[in-house]
Participant: 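Quick one: this structure, given as structure tokens, is what I'll be asking you about.
Atoms within a ligand are numbered from 1 in the order they appear, just like the ligands themselves. On a predicted model such as this, the values are computed, not experimentally measured, just so you know.
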Amino acid sequence: MITRKSAREITMMEEAGKLLASCHKEISKMMKPGVTTKEIDDFVEKFLADNGATPEQKGYNGYEYATCASVNDEICHGFPRSEPLSNGDIVTIDMVVNLNGGLADSAWTYVVGEADEKTQRFLDVTKESLYRGIKEAKAGNRIGDIGYAIQQYAEAEGYAVVRDFTGHGIGPTIHEEPHIPHFGLAGKGPRLKEGMVITIEPMLNEGSWHSKMDNNNWTARTVDGERSAQFEHTIVITKNEPLIITDQD
Ligand code: MF3
Ligand code: CO
């Protein structure tokens with residue numbers, strides 16, 4: 001069942017989203033050579049606790065960390081670890097914030113230190129693909145319209161769209177119906193209605209879209225060792241423009 005949230009639920013999720021956005025802004029300042037994803041994870045735990053929130057991913061299906069930290073060829077669900085990052089590495093930090101029962105989910109790919117041109121373009125296109133998807137997320141459109149917009153743009157720019165992981169409905173648990181694929185056909189799938197809250201979280205690869213699972217049964221990585229990037233927002237479907245509750249601006 002696809003639920004629609006009450007005004008009160010949406011307000012609670014917006015509060016969680018604001019906190020999550022401010023947490024991402026702090027993380028961006030930490031992305032210097034030598035930092036570890038474990039340090040970032042520890043920072044997030046403390047930042048959320050200091051602000052009366054909890055990391056919803058921790059304990060979710062047995063996941064042990066506050067964040068997912070996916071480096072270079074890792075697509076998603078990378079474990080935070082104590083190996084220092086190097087200049088030019090890209091790392092996706094993904095987290096779900098629970099503030100008084102309101103949830104928000106947002107992932108962002110950062111460059112450690114300085115980005116070369118190829119990396120900057122890759123991240124720019126991945127982020128733009130998210131915003132192209134968000135633009136389609138309005139009442140009356142169908143879920144397929146979102147994936148279609150993302151895939152058309154990403155592939156025209158020379159990147160591949162990961163198919164094994166999707167966006168999702170969210171609240172009161174992390175993953176609710178419906179699935180939101182980042183590829184597909186316009187005009188297909190369930191219709192979007194006012195009050196639905198969903199995530200859109202395209203993962204783009206520089207090489208093949210295929211993924212393989214690590215032995216830890218969590219972390220997905222590219223099959224060819226090429227890099228993967230991801231940007232994710234939680235959004236509310238409204239009568240008008242989609243409301244981005246994890247917006248950092
Ligand atoms: N934030 C992730 C998503 O976008 C949720 C990962 S679940 C976890 O769907 F358990 F791996 F944390
Ligand atoms: Co998500």
Participant: Go through the structure and list residues passing side-chain contact (heavy atoms from CB on, under 4.5 Å) with T173, not counting sequence neighbours.
Facilitator: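 Listed in chain order: E176.
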
Participant: If hydrophobic clusters are built by linking Ile, Leu, Val, Met, Phe, Trp and Tyr wherever their side-chain heavy atoms come under 4.5 Å apart, do I245 and L48 end up in the same one?
Facilitator: no

Participant: Regarding Y148 and R132, do their side chains bring together a donor and an acceptor under 3.5 Å, going by distance alone?
Facilitator: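 R132 and Y148 do not have a side-chain donor-acceptor pair below 3.5 Å.
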
Participant: Show me a pair-per-line table, with atom names and distances to 0.1 Å, of protein N or O atoms that are under 3.5 Å from an N or O of ligand 1.
Facilitator:
unit_1, atom_1, unit_2, atom_2, d
ligand 1, 1 (N), Q57, OE1, 2.7
ligand 1, 1 (N), D94, OD1, 3.0
ligand 1, 1 (N), D94, OD2, 3.0
ligand 1, 1 (N), D105, OD1, 3.1
ligand 1, 4 (O), D94, OD2, 3.4
ligand 1, 4 (O), D105, OD2, 3.1
ligand 1, 4 (O), E201, OE1, 2.8
ligand 1, 4 (O), E201, OE2, 3.2
ligand 1, 4 (O), E232, OE1, 3.4
ligand 1, 4 (O), E232, OE2, 3.2
ligand 1, 9 (O), H168, NE2, 3.1
ligand 1, 9 (O), H175, NE2, 2.7

Participant: Taking the side chain as everything from C-beta on, heavy atoms only, tell me whether S70 gets closer than 4.5 Å to H77.
Facilitator: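 No, side chains not in contact.
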
Participant: Looking at H175 versus Y60, is the centre-to-centre ring distance below 6.0 Å?
Facilitator: yes

Participant: Please list, chain by chain and in numerical order, all residues satisfying ring-ring contact (aromatic ring centres under 6.0 Å, His included) with Y153, sequence neighbours excluded.
Facilitator: none

Participant: So which of T234, I2, I146 actually passes side chain to side chain contact (heavy atoms under 4.5 Å, CB included) with I198?
Facilitator: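 Testing I198 for a side chain to side chain contact (heavy atoms under 4.5 Å, CB included) against T234, I2, I146 leaves exactly one candidate, I146.
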
Participant: Protein N, O or S atoms less than 2.8 Å from the Co ion (ligand 2), ignoring waters?
Facilitator: D105 OD2, H168 NE2, E201 OE2, E232 OE2

Participant: Closest heavy-atom contact between Y131 and H233?
Facilitator: OH-NE2, 2.9 Å

Participant: Is there side-chain contact between Y63 and K58, with heavy atoms separated by less than 4.5 Å?
Facilitator: no

